[in-house]
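Worksheet: one structure, shown below.
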There are 2 protein chains.
Amino acid sequence: MSPRKSSQEELSKAIILDVARDLFASNGYASLSMRKIANVLQCSHGAIYYHFKNKAEIFYEIVEHDFEKLDQELHDVMSDRTTTSDEKLFLLLYRYIKFGLTNQNHYEVMFLIRDEDVKSYLQEGPNKSLQLFGEAISSLVAKPITSKEIYSIFLSLHGFVTHFCRAETNFEDIKDLSKSHAQFLIKALH
Amino acid sequence: MSPRKSSQEELSKAIILDVARDLFASNGYASLSMRKIANVLQCSHGAIYYHFKNKAEIFYEIVEHDFEKLDQELHDVMSDRTTTSDEKLFLLLYRYIKFGLTNQNHYEVMFLIRDEDVKSYLQEGPNKSLQLFGEAISSLVAKPITSKEIYSIFLSLHGFVTHFCRAETNFEDIKDLSKSHAQFLIKALH
DNA sequence: ATTTTTATTGACCACTGTTCAAACAAAAAC
DNA sequence: GTTTTTGTTTGAACAGTGGTCAATAAAAAT
């Protein structure tokens with residue numbers, strides 16, 4: 001009919017991302033198709049490919065953006081003057097788990113999906129998290145920390161989140177377990 | 001042409017599993033299609049559905065069967081009379097990592113894939129691993145171990161395997177890191 | 001008023017897992 | 001030995017996927 005929309009209803013990266021972000025939160029990567037997004041946007045799925053190279057690009061942009069909240073949160077923990085180093089250390093681990101489990105679909109794209117297209121966008125993201133983490137932890141523990149220990153801490157948290165992501169467990173349901181996991185890991189550091 | 005094969009070349013669960021297992025080891029779950037399997041079997045893809053309910057069932061049978069090697073390996077560690085408890089504890093963790101990383105596609109089906117069909121088959125498998133693990137660890141440590149600690153150990157190993165599964169890292173390339181991760185976790189137990 | 005650029009459509013491609021009527025081989029019943 | 005029944009395979013069909021692209025029309029530039 002009309003191969004181009006009136007300027008009022010023209011698409012844009014931002015509009016697509018808004019809709020996709022919304023649907024993504026409840027659907028996840030695999031079961032949210034380009035056509036479903038197009039449907040909500042009231043456009044054809046082909047149009048989306050004018051704004052994004054492929055499906056992976058859309059979702060990576062969403063995830064990358066939303067992961068800044070995690071950075072922010074960890075940063076907040078570190079710059080709080082009312083908490084001790086020990087408390088900070090605990091909160092760092094605890095908040096990481098909390099973030100992962102309250103943004104399970106995000107976590108999946110960032111750390112779990114094995115799709116090659118998705119992975120091609122992930123050079124920076126996960127490493128950045130790891131580095132931030134490492135620096136923070138090092139600064140909180142008196143004893144010198146090796147990079148292997150940093151890895152261990154990070155991957156141990158990762159395993160916790162991954163497992164309960166798959167089980168689709170609410171964070172609220174495993175708050176206690178999260179706390180004890182964080183404490184368990186801290187014990188290994190000392 | 002011939003809607004039924006001569007008895008010599010008839011399909012069977014076993015034959016399908018043999019071929020699928022082979023292809024699965026190098027292709028993984030997502031990118032190995034029913035049609036590819038049928039192609040190698042020289043039959044139509046429809047025929048496979050006579051022997052298996054769906055794709056997930058095939059792969060679950062493969063994975064379930066091959067995971068017995070892990071059970072066996074852990075059992076071997078425990079029943080070795082020449083190693084101390086401390087050595088056994090280390091080997092338990094180390095061998096788990098090794099198994100996961102030398103059977104990455106298996107590990108993915110058992111613990112990672114979020115597909116509903118796959119998960120419907122997974123009521124027993126992962127819990128069984130966890131339980132075996134818990135009993136073994138408890139028996140190796142003098143101090144009483146809580147179930148939360150068992151969880152922590154297990155999920156920490158899981159995170160390690162998961163991460164390097166995604167990165168498709170060879171176990172050989174991170175042997176050292178595996179060892180230090182195992183040792184890190186043991187430190188938390190004491 | 002005309003040309004150029006830009007964004008959208010929808011048909012199309014090559015896939016995917018899954019279903020199922022039809023067809024025929026083998027086994028069982030007669 | 002013939003007929004019936006059962007078991008197994010085929011291949012077309014379905015509904016879906018991500019992705020491409022010529023045709024087209026609105027908007028912008030001339």
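Hydrogens, waters and symmetry mates play no part in the numbers below; they use all other heavy atoms, side chains included. Below, chain A is the first sequence line, B the second, and so on; all start at residue 1.
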Quiz item: When you check every protein heavy atom under 4.0 Å of nucleotides 15-23 of chain D, what one-letter string (B, S, -) results, 5' to 3'?
Solution: --SBBB---

Starting at [atom1] of [X] and ending at [atom2] of [N], how long is that distance when rounded to a whole Å?
X	N	atom1	atom2	result
B:N39	D:dT10	CG	C1'	15 Å
B:I48	C:dT19	CD1	C1'	14 Å
B:E57	C:dG17	CD	P	15 Å
B:E10	D:dT6	CD	P	17 Å
A:H51	C:dT8	NE2	C1'	8 Å

Practice problem: Using the test side chain to side chain contact (heavy atoms under 4.5 Å, CB included), find all partners of A:A56 that sit at least two apart in sequence or belong to another chain. | Solution: A:Y29, A:N54, A:D117, A:V118, A:Y121

Exercise. List in chain and number order the residues that pass side chain to side chain donor-acceptor pair (under 3.5 Å) with A:T83, two or more places apart in sequence or in another chain; answer none if no residue qualifies.
Key: A:K88

Quiz item: Can you name the side chain to side chain donor-acceptor pair (under 3.5 Å) partners of B:S178, sequence neighbours left out?
Solution: none

Exercise. Could you list the residues that satisfy salt bridge (charged side-chain N to carboxylate O under 4.0 Å, His left out) with B:E149, not counting sequence neighbours?
Key: A:K187, B:K143

Quiz item: Considering residues at least two apart in sequence or located in another chain, which fulfil the salt bridge (charged side-chain N to carboxylate O under 4.0 Å, His left out) criterion with A:K13?
Solution: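 Checked A:K13 against salt bridge (charged side-chain N to carboxylate O under 4.0 Å, His left out); matches are A:E61.
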
Self-check item: Watson-Crick or G-U stems involving DNA chain C, each at least 3 pairs long, distances under 3.5 Å, ordered by first number
Solution: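 Only these stems qualify: C:2-29 with D:2-29.
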
Quiz item: Pairs in or reaching into residues 16-25 of chain B: which pass side-chain hydrogen bond (donor to acceptor under 3.5 Å, both in side chains), with residues at least two apart or in two chains?
Solution: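 Only B:R21-B:H65, B:R21-B:D66 qualify under side-chain hydrogen bond (donor to acceptor under 3.5 Å, both in side chains).
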
Self-check item: B:F154 ring center near B:Y96 ring center (under 6.0 Å)
Solution: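 So the answer is yes for these two rings.
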
Quiz prompt | Shortest side-chain distance from B:Y50, nucleotide among C:dT9, D:dG7, C:dT8 | solution = D:dG7

Quiz item: Looking at residues at least two apart in the chain, or sitting in another chain, which of them share a ring pair (Phe, Tyr, Trp, His ring centres under 6.0 Å) with A:Y107?
Solution: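 A:Y107 satisfies ring pair (Phe, Tyr, Trp, His ring centres under 6.0 Å) with A:F111, A:H158 only.
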
